[in-house]
Protein chains: 2
Amino acid sequence: MEVKLPTFESVFSIDCVIFGFEAGELKILLIERNEEPFKDWLALPGYIVEQDESIDDAAERILYELTGLRDMHMQQFHTFGEVNRHPQGRVITVAYYALIRINGQKEVRPITQYARKAFWHPVNELPKLAFDHSEIFQTGFNKIRRRLNYQPIAFELLPEKFTLTQLQSLYEAVLSMKLDKRNFRKKMLSYGFLKELDEKQKGVSYRAAKLYKFDRRKYAKIFHNDLNLDK
Amino acid sequence: MEVKLPTFESVFSIDCVIFGFEAGELKILLIERNEEPFKDWLALPGYIVEQDESIDDAAERILYELTGLRDMHMQQFHTFGEVNRHPQGRVITVAYYALIRINGQKEVRPITQYARKAFWHPVNELPKLAFDHSEIFQTGFNKIRRRLNYQPIAFELLPEKFTLTQLQSLYEAVLSMKLDKRNFRKKMLSYGFLKELDEKQKGVSYRAAKLYKFDRRKYAKIFHNDLNLDK
DNA sequence: AAGATAGTGTGTGAAAATTACACCATTAAA
DNA sequence: TTTAATGGTGTAATTTTCACACACTATCTT
């Protein structure tokens, strides 16, 4: 009763756009390729999906092998399926993004030989990337820009304890626009999912700011209904 | 200088969730399968991507072959890549949706033998579908529900000339909620992209409503900035 | 022709959210 | 003690959202 599948087979891969936030700048993780094609070019971390792993699992594995980053919470955002994306054959790619705390991570460093190194690069002034990776990046960037307004992704980029100014500067970096300080704070606090800590910023040479924490439980409670649908 | 790609090859397919609106109900297009596996089951129109076509092209071709519908404007929304989605091997699927005017179309009817017939089915009370198609449908439905609020997708489902009541009932069907008539009309008209025609509904046994048209050009002008951010 | 039927079309006030806008307070370093 | 740098705060005007009810019109029925 086994019926063989027709055999239009294609190579199937994953590319990752990993965002981080550091020194008031939004950055992504790039690798320097050590293999043809595009040897020595900069590229998004990406590789081929194996037969016996789901694409979500593949995304985590590939990111780990190319950068050393583990247990990222990755989210698929688009699939790129033009015929000539890859010079050596038909390759269809699912692109994923993740948002991480740069400071919370130890040095990034490839495990396999396919990448020579991995490093953070500001999203402004990105160089040309291998394959269609510039387009993939742009699509992913647009996606998180959109989602910033209706998903709590900002808090994945900040340290666990953060100041309102840091939060604002993250919004400004992602949206590329200036926001009004008083309105921003009023609005953020009005949601009720930020927990004010009894702690202040340390090591600054000016008045230390209060630290806040994102309260995921409260967030879920507040947005339970709206969250799933629309906006 | 040709370097062979590693050979983790997979079968790659497309499934389509085609939405239509008729008699105040939101519907999708299903086929009855004529092939193993899941022979005789109801399923979303879907098939395998060929080597030399982009996934967007494949989506259009496959929909045509299974339903006879042509030149749909299809939009990718998610890729399904679990290992055991297909009983006969590894199949990764990109899911697409499209929104069409049911009345504007002639009868739907499969061209190939893979489907026995194709027909519209209300999204409420969908039967069990083949493979993971129920999940694919649900994901797509959530997606358009979301997009209804920031993309002009409602007008793809309505006839070119429509009444405000029709528009409202479409919103109500997609969002599964009642809306207030006066507020709805006020808001829609306030956008300024609905053009009131010098024409009225015909063939109704009560006061005929004014007809409106969606003015795509005005829409683009008004939402120029927000529009381009992804999706 | 009168009445029944069914859907069309319209306005207002209250509440909530958004926007614009400027100055004093605190800390560490010089 | 002064300076440099950022933290932290309130109010008024405007816009948007929401809740809410009834008279009008075309057709059909008798």
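Atom CZ of B:Phe184 and atom C1' of C:dG9 are 14 Å apart (whole Å). Put simply, CD on A:Gln168 is 13 Å from P on D:dT6, counting in whole angstrom units. Atom CG in B:Leu179 sits roughly 13 Å away from atom P in D:dT17 (whole-Å rounding). Between A:Lys178 atom NZ and C:dA20 atom P the separation is 14 Å, expressed in whole Å. Across the protein-nucleic acid pair, A:Asn183 atom CG and C:dA16 atom C1' stand 15 Å apart, rounded to whole Å. Taking atom CZ of residue A:Arg185 and atom P of nucleotide C:dT19, one finds them 18 Å apart after rounding to whole Å. If you take NZ of A:Lys202 and P of D:dG7, they are 17 Å apart, rounded to a whole angstrom. Rounded to a whole Å, the CG atom of A:Leu211 is 11 Å from the P atom of D:dG7.
Distances shown here put every side-chain N or O of A:Thr165 at or beyond 4.0 Å from the OP1 or OP2 atom of D:dT6.
Taking the six-membered ring for Trp and the full ring otherwise, B:Phe155 and B:Phe162 have centroids separated by under 6.0 Å. Checked against a 6.0 Å centroid threshold, the rings of B:Tyr96 and B:Phe77 do not count as neighbours.
At a cut-off of 3.5 angstrom, counting only N and O atoms as typed in the model, there is no donor on one side facing an acceptor on the other between the side-chain of B:Lys186 and the base of D:dT17.
Each of A:Gln166 and A:Asp180 was matched to the nucleotide of DNA chain D holding its nearest heavy atom; the match closer to the 5' end belongs to A:Gln166.
The aromatic rings of A:Phe38 and A:Phe131 sit tilted, their planes meeting at an angle between 30° and 60°.
The salt bridge (charged side-chain N to carboxylate O under 4.0 Å, His left out) contacts involving residues 197-208 of chain A comprise A:Lys161-A:Glu199, where partners must be two or more places apart or lie in separate chains.
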Which atom pairs, one a donor and one an acceptor, fall under 3.5 Å between side chains of residues 185-197 of chain A and the rest of the protein, sequence neighbours left out?
unit_1   : atom_1 : unit_2   : atom_2 : d
A:Lys186 : NZ     : A:Asn183 : OD1    : 3.3
A:Ser190 : OG     : A:Lys187 : O      : 2.7
A:Glu196 : OE2    : A:Lys210 : NZ     : 3.4

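Checked by atom type, the side-chain pair A:Tyr150/B:Arg146 shows no donor-acceptor distance below 3.5 Å.
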Show your working on side chain to side chain donor-acceptor pair (under 3.5 Å) between B:Arg109 and B:Thr67 and close with a plain yes or no. CA-CA 5 Å; B:Arg109 160 183 74 80; B:Thr67 68; over 6 Å; no
For nucleotides 22-30 of chain C, give me one character per nucleotide, 5' to 3': B if any protein heavy atom sits under 4.0 Å from the base, S if the only such contacts are to the sugar-phosphate, - if neither. B--BBBSS-
